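Everything below concerns the one structure shown next.
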Number of protein chains: 2
Amino acid sequence: MNIGEIAKRAGVSRSTVSYALSGKRSVSEETRRRIQQVIDELGYRPNASARALANGRTSTIGLVFPPAGNHYTGMQLDFIGSVVEAAAAYDYDVLLSPSGVDSDRSFQRLLGERRVDGAILMEIRLQDDRVDHLGEENFPAVCIGRTARSDRDWWVGLDHTALAAACVNHLADLGHRRIALVNRPEHLLRAGYESAHRGLDGFTKAAAERGLTVRTYCCGDDAPSGQECLERILHEDPDTTALVTLNEAALGGLYRGLAVAGRHVPRDFSLTGVVAGRWAETVTPQLTAADVPAEELGRLAVELLVERLDHPDAVPRHHLLAPPISLRASTGPAPAPAVNR
Amino acid sequence: MNIGEIAKRAGVSRSTVSYALSGKRSVSEETRRRIQQVIDELGYRPNASARALANGRTSTIGLVFPPAGNHYTGMQLDFIGSVVEAAAAYDYDVLLSPSGVDSDRSFQRLLGERRVDGAILMEIRLQDDRVDHLGEENFPAVCIGRTARSDRDWWVGLDHTALAAACVNHLADLGHRRIALVNRPEHLLRAGYESAHRGLDGFTKAAAERGLTVRTYCCGDDAPSGQECLERILHEDPDTTALVTLNEAALGGLYRGLAVAGRHVPRDFSLTGVVAGRWAETVTPQLTAADVPAEELGRLAVELLVERLDHPDAVPRHHLLAPPISLRASTGPAPAPAVNR
DNA sequence: CGCGTTCTTCGAACCGGTTCGACATCTCTG
DNA sequence: CAGAGATGTCGAACCGGTTCGAAGAACGCG
């Protein structure tokens, strides 16, 4: 059931069938009807590979997501979902590519073999060879996150610096003086992940401006690490009264650590951070947080990519979002300093 | 930079280059080296569309996942991740297809246009027209979950009946007499989702056998719904001392509802259910649960699909898993009946 | 030396679409 | 009524690979 078969049964040439379907040249009403009827009868659909080969477009975009094997966070899930959904609206499919263990290989596969028309990259690093590489080749890509030199890239991202600072200020306003930062895992920070870096930056600067005493921690992307991290925080400075987390996956563990230590939230201890709204609502008390608009970021990334695909010479565009802090129930006034500690 | 260009620069014909790469016919060592050198110099990679067109295989599998737009659960995330990873090991890419709003359209796109060699389906219904349809066409597909008539399908799944029953028995052994079931959302149950149905089934039967008093609830896939559901449970039968949840996304809300109601877990109230291990560990106290081995299910699904693709006439195979309950901290002996309620 | 094998390599056909140029008809206009 | 222009259709070439049959070269053997 290929286009030749349709043509034969409709008594026309292959090209006529093609034009009838694409509408790129006029076809008489009579002929079009006959062709359509045959197509409907046979349930014909044009072969995607052949079409991609002929016109050089696959109608597929690649979603390059973080190393497989380790844990995914809820935020990443939200990105994937919203990207797929937004892409469908533009008639694009989404091909997943773990840029994991063998990063180069799957990258080569996607781009070198032209499986996709463009790509969306997640978990960007400040110095990101993937981005540099794509930039050199002028391959249509959009980053969720931005590199250090981001003027020439297309990206959507969060203003992690401002977000972390907002969290610090929120806590400072409530009277907290000794606070901690719970960052993403150390290997990610060391690898230069932008959210971890800029978040740390914003946190540190804002804390300095407000004259706060701070400690910063890296923490694995799971609940047990979160609990462990919290124990370390309280052990190293028992007078800590609040924390900011950039690590969503550790959230449950942080809460557990506080419960185990007998610190009531928010009476004895306040938490805030940068977390997607849906996940901030799963903990008790609900987390006061800068809600990561994962859904919007995914959608914007697709929109930018589609625009770039339609206009190959367009100048780089980007969106920097800085959602406000949603007040929920996990922060409160700093407790009066304990006399006996 | 196509195969013709390589051939020209290496001074051979296109077919020789093809054979040198595929190894399907012998090529002299001398020639092979010359070709390889040119390829390395130019960084040539064969075009995936052309290759797919020529040999009729795309080396891509489709992952048909639940309606977009609504919430994804952590379990679904784990599936996606493990499927992608396992597929990569067999040199397959994964194309995501939301079987959402316009289910037929994206289905047609994937299968009718031959974008994928095979498909993995998630969130199966007992009567699933997608599965029936694929079965009729003998299209290589593997379900994560099983339909009512599953003899002729390929699938991997959980024994939800047994799992729910195990949860009930665990609670009954601890002395609980009045328990509730928190199921997936009502529209999913009504649509015939197999996990919701079989889970409900196993729960009801086991409870009857043990002579327990039960109530069953449907609950939205998010924390606020979970909280609301718990309020309803305690309102409609304040003597309820335990619950089983099939709804992972509601978990945080259930815990919050209990906290708000002043019921201590596990002293006053026990929780258990069917939840992926990683997520069972995010709540405090950690959830005693039948751990959904999402990672293993995803991997097995890919293995079955690959086998089916390699042997088109193989007889249907499947894996039914029934992981044991992992004892954590959310269940305990039933509280002594309150005299005054 | 002649002949059958084996080893290499090539050209052509094919996969299933799209698109270009050409041609035949039909229609309008001066 | 001739010529220009628009309309509808077709055949051929092309996208970039794979694969088949055949042909030339090298080799072994009687």
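Throughout, protein chains are lettered first and strands after them, A, B, ... in sequence-line order, and every chain is numbered starting at 1. What you see is a predicted model; the values in this text were computed from it and never measured.
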Those residues that, when tested against [X], pass side-chain contact (heavy atoms from CB on, under 4.5 Å) (two or more places apart):
{"X": "Asp91(B)", "value": "Arg105(A), Arg109(A)"}
{"X": "Ser150(A)", "value": "Arg146(A), Thr147(A), Trp155(A)"}
{"X": "Gln37(B)", "value": "Glu41(B)"}

*Go through residues 14-29 of chain A and report each residue with a non-hydrogen atom lying under 4.0 Å from DNA chain C, sorted by number.*
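Of all residues in residues 14-29 of chain A, the ones placing a heavy atom under 4.0 Å from DNA chain C are Arg14(A), Ser15(A), Ser18(A), Tyr19(A), Lys24(A), Arg25(A).
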Taking only distance into account, with no hydrogens and no angle test, what donor-acceptor pairs under 3.5 Å do side-chain atoms of residues 131-139 of chain A form with protein atoms, sequence neighbours excluded?
residue, atom, partner, partner atom, Å
Asn138(A), OD1, Arg308(A), NH2, 3.4

*Tell me which residues in residues 35-61 of chain B put a heavy atom below 4.0 Å from DNA chain D, sorted by number, or none.*
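Residues of residues 35-61 of chain B that come under 4.0 Å of DNA chain D are, in numerical order, Tyr44(B), Pro46(B), Asn47(B), Ala50(B), Arg51(B), Leu53(B), Ala54(B).
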By salt bridge (charged side-chain N to carboxylate O under 4.0 Å, His left out) - contacts of [X] (at least two apart):
{"X": "Arg57(B)", "result": "none"}
{"X": "Glu113(A)", "result": "Arg115(A), Arg45(B)"}
{"X": "Glu307(A)", "result": "Arg317(A)"}

Is [X] reaching over with its side chain to a backbone N or O of [Y], donor-acceptor style, under 3.5 angstrom?
{"X": "Asp128(A)", "Y": "Arg125(A)", "result": "yes"}
{"X": "Arg299(A)", "Y": "Ala86(A)", "result": "no"}
{"X": "Arg14(B)", "Y": "Gly4(B)", "result": "no"}
{"X": "Asp117(B)", "Y": "Ile61(B)", "result": "no"}

_Going 5' to 3' along DNA chain D, which are the first and last nucleotides with any atom under 4.0 Å from a heavy atom of chain A?_
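Nucleotide range in contact with chain A: dT7(D) to dG16(D).
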*Five-pair end axes of the helix from dC1(C)-dG30(D) to dG30(C)-dC1(D) and the angle they enclose, rounded to 10°*: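 One end's axis against the other's: 50°.
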*Partners meeting side chain to side chain donor-acceptor pair (under 3.5 Å) with Arg9(A) (sequence neighbours left out)*: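 Applying side chain to side chain donor-acceptor pair (under 3.5 Å) to Arg9(A) gives Glu5(A).
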